[in-house]
Amino acid sequence: MATLEEQINTRRTFAIISHPDAGKTTITEQMLLLGGVVREAGTVKGRKGNFATSDWMEIEQKRGISVTSSVLQFDFDGKRINILDTPGHEDFSEDTYRTLMAVDSVIMVVDSAKGIEPQTKKLFEIVKERHIPIFTFFNKLDRDGRPAIDLVDELESTLGIDAYPMNWPIGSGQILAGLYDMYHNNVEVYRPENPAERFLELDANGELVKPNKLQENGLWAEAQDEIELLKDAGNQFDDQAILNGELTPVFFGSALAGFGIETFLQTYLQYAPAPSAKNTVDEKKVEPSASEFSGFVFKIQANMNPNHRDRIAFVRVVSGEFERGMDVTLTRTGKKLRLSNVTQFMADSRENVENAVPGDIIGLYDTGNFQIGDTIYTGKKAIEFEELPTFTPELFMRVNAKNVLKQKSFHKGVQQLVQEGTIQMYTAWDSGNYILGAVGQLQFEVFQFRMENEYNTEVVLEPMGPKTARWINPDQLDPKMASSRNLLVRDRAEQPVFLFENMFAERWFADKYPDVELEAKL
């Protein structure tokens with residue numbers, strides 16, 4: 001039986017981030033194929049019924065996008081891998097940011113035709129701020145794209161991180177011939193006539209040991225010239241710089257064609273870190289090898305199985321060992337809970353889990369005990385992990401049930417979907433009517449779709465336009481401060497919030513009530 005430390009060292013827990021349509025979900029599927037958990041890699045835009053395994057939600061299948069983080073687990077090359085496949089769409093950044101708190105490294109997928117796009121840059125900045133190791137995969141090499149040297153230069157200059165190419169393309173698009181693997185000192189041939197000749201051996205000087213038709217056109221010579229340039233002027237490989245998030249290993253390939261993925265995954269697993277310590281609110285660290293169990297809830301998902309109306313709290317195991325049936329304490333309430341109904345995930349399929357170790361993601365069937373950001377632990381000493389990020393909404397809508405006879409399912413649906421953290425809910429100070437807040441318009445569309453499909457309740461959304469939310473200390477509040485230009489509402493924690501019409505309304509309020517302090521959240 002492996003010791004706890006040995007088990008921890010086999011874990012690799014990472015998120016995949018990208019701009020929408022860079023191929024993030026497709027690369028996830030190829031990894032699952034390598035792990036033997038799917039027989040055929042699909043594509044989000046594939047033929048009828050062949051949807052990406054990680055896009056289990058009906059709206060994701062219909063629209064061909066990821067709008068929620070999926071958790072996927074499989075074994076490969078002696079490692080237990082936990083992939084957190086995140087939404088690419090910027091309207092769901094909050095879900096992605098919270099997910100990044102639960103991983104030990106990140107894979108950044110970039111479209112080789114488009115380069116670094118706005119959402120990639122935005123997500124990267126969060127990763128860099130937290131010093132999370134990041135591995136870069138330039139995807140869609142089988143399509144006409146930009147020169148590899150330009151892509152690497154843009155990566156370094158736009159994101160402010162050093163890059164070290166682990167392999168290099170020989171041609172691209174219609175003339176893609178292969179990948180020159182500088183790290184493994186071989187060449188991976190694109191669509192070889194003989195599968196046995198998929199990898200070609202290189203000698204100590206980087207020349208092909210056996211002559212090959214790769215050398216018959218100028219692509220081979222061009223790739224060699226670029227590689228020489230990289231060796232002379234490029235960055236040095238540095239394990240510690242990778243772990244510090246200062247140097248990103250760069251790979252090229254095509255997820256859709258399954259080209260370069262296996263070598264990438266093998267190399268990633270070699271250099272990606274095992275589970276590391278996590279910070280607590282009192283700025284202490286909890287080490288994975290600590291004897292007592294601890295973990296935190298970074299995501300809540302309702303109706304993963306609509307037939308059962310279930311609700312799952314996703315927990316990142318931080319320390320100790322989880323055992324089914326164990327008792328834990330929920331830090332926020334001090335309440336003792338028994339964890340007897342616990343699952344691990346393969347996208348929309350799941351199985352009961354008997355034990356788990358740091359790095360693993362487990363799902364707790366929840367009847368309403370948990371909130372996003374909750375800490376659970378065993379032992380006498382209380383633990384509370386640092387707070388997960390929340391965004392202040394920018395768009396607001398009033399929401400009502402279309403059918404007044406559906407009030408019960410309407411209230412249940414709103415409450416459950418709000419608890420997932422995708423949208424935020426406020427209640428009007430006097431009437432108690434629901435007001436929804438979101439970062440982007442698509443969040444409202446997803447909410448409306450799910451209310452109808454999962455709770456059988458049509459809703460009417462009435463736009464309120466952009467608002468600026470500001471929290472006020474209850475001790476300083478006088479409800480008479482409210483007006484049509486600054487609506488007074490309550491947040492989920494019953495705290496008073498003003499929704500200002502614009503910055504002029506906020507300035508007017510500040511001039512009229514100079515002693516009142518208003519607070520913006522993230």
Working note: F293 + V318, criterion side chain to side chain contact (heavy atoms under 4.5 Å, CB included); need CA distance, chi angles, decisive distance, verdict. CA-CA 7 Å; F293 167 84; V318 175; over 6 Å; no
Hey, could you give me each pair passing salt bridge (Lys or Arg N to Asp or Glu O under 4.0 Å) that has a residue in [range]? Not counting sequence neighbours.
{"range": "residues 124-136", "result": "K121-E125, R130-E386"}
{"range": "residues 101-115", "result": "D104-K278, D104-R316, D111-K140"}
{"range": "residues 171-189", "result": "E188-R198"}

Compute whether any side-chain donor of one residue and acceptor of the other, for N355 and E323, lie under 3.5 angstrom apart. no
Any side-chain donor near an acceptor of the partner, T378 and E292, under 3.5 Å: yes
Does a side-chain heavy-atom distance below 4.5 Å link L84 with F14?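 No - every pair of side-chain heavy atoms lies 4.5 Å or more apart.
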Pairing residues for F135 by the ring pair (Phe, Tyr, Trp, His ring centres under 6.0 Å) criterion, not counting sequence neighbours: Y268
List for me each residue that meets ring pair (Phe, Tyr, Trp, His ring centres under 6.0 Å) alongside F296, sequence neighbours excluded, and say none if there are none. F385
Going by side-chain contact (heavy atoms from CB on, under 4.5 Å), name the residues that satisfy it together with [X], two or more places apart in sequence or in a different chain.
{"X": "Q240", "result": "D238, L243, N244"}
{"X": "D374", "result": "V297, L330, R332, F370, Q371"}
{"X": "K210", "result": "none"}
{"X": "S254", "result": "D142, L256, A257, F259"}

Do R146 and E154 sit within salt-bridge range, that is, some charged N less than 4.0 Å from a carboxylate O? yes
Where the side chain of T158 meets the backbone of L155, is there a donor-acceptor pair that is under 3.5 Å apart?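 Not a single qualifying donor-acceptor pair exists.
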Take atom CD in E5; do more than 12 heavy atoms of anything else shown fall under 6.0 Å from it? no
In short, ring-ring contact (aromatic ring centres under 6.0 Å, His included) pairs touching residues 203-235 with sequence neighbours left out are Y180-W220
Exercise answer: donor-acceptor pairs, residues 161-168 side-chain atoms, under 3.5 Å, sequence neighbours excluded:
{"from": "N167", "atom 1": "OD1", "to": "F252", "atom 2": "N", "distance (Å)": "2.9"}
{"from": "W168", "atom 1": "NE1", "to": "E226", "atom 2": "OE1", "distance (Å)": "2.6"}

For K213, which residues count as a salt bridge (charged side-chain N to carboxylate O under 4.0 Å, His left out) partner, sequence neighbours excluded? E193
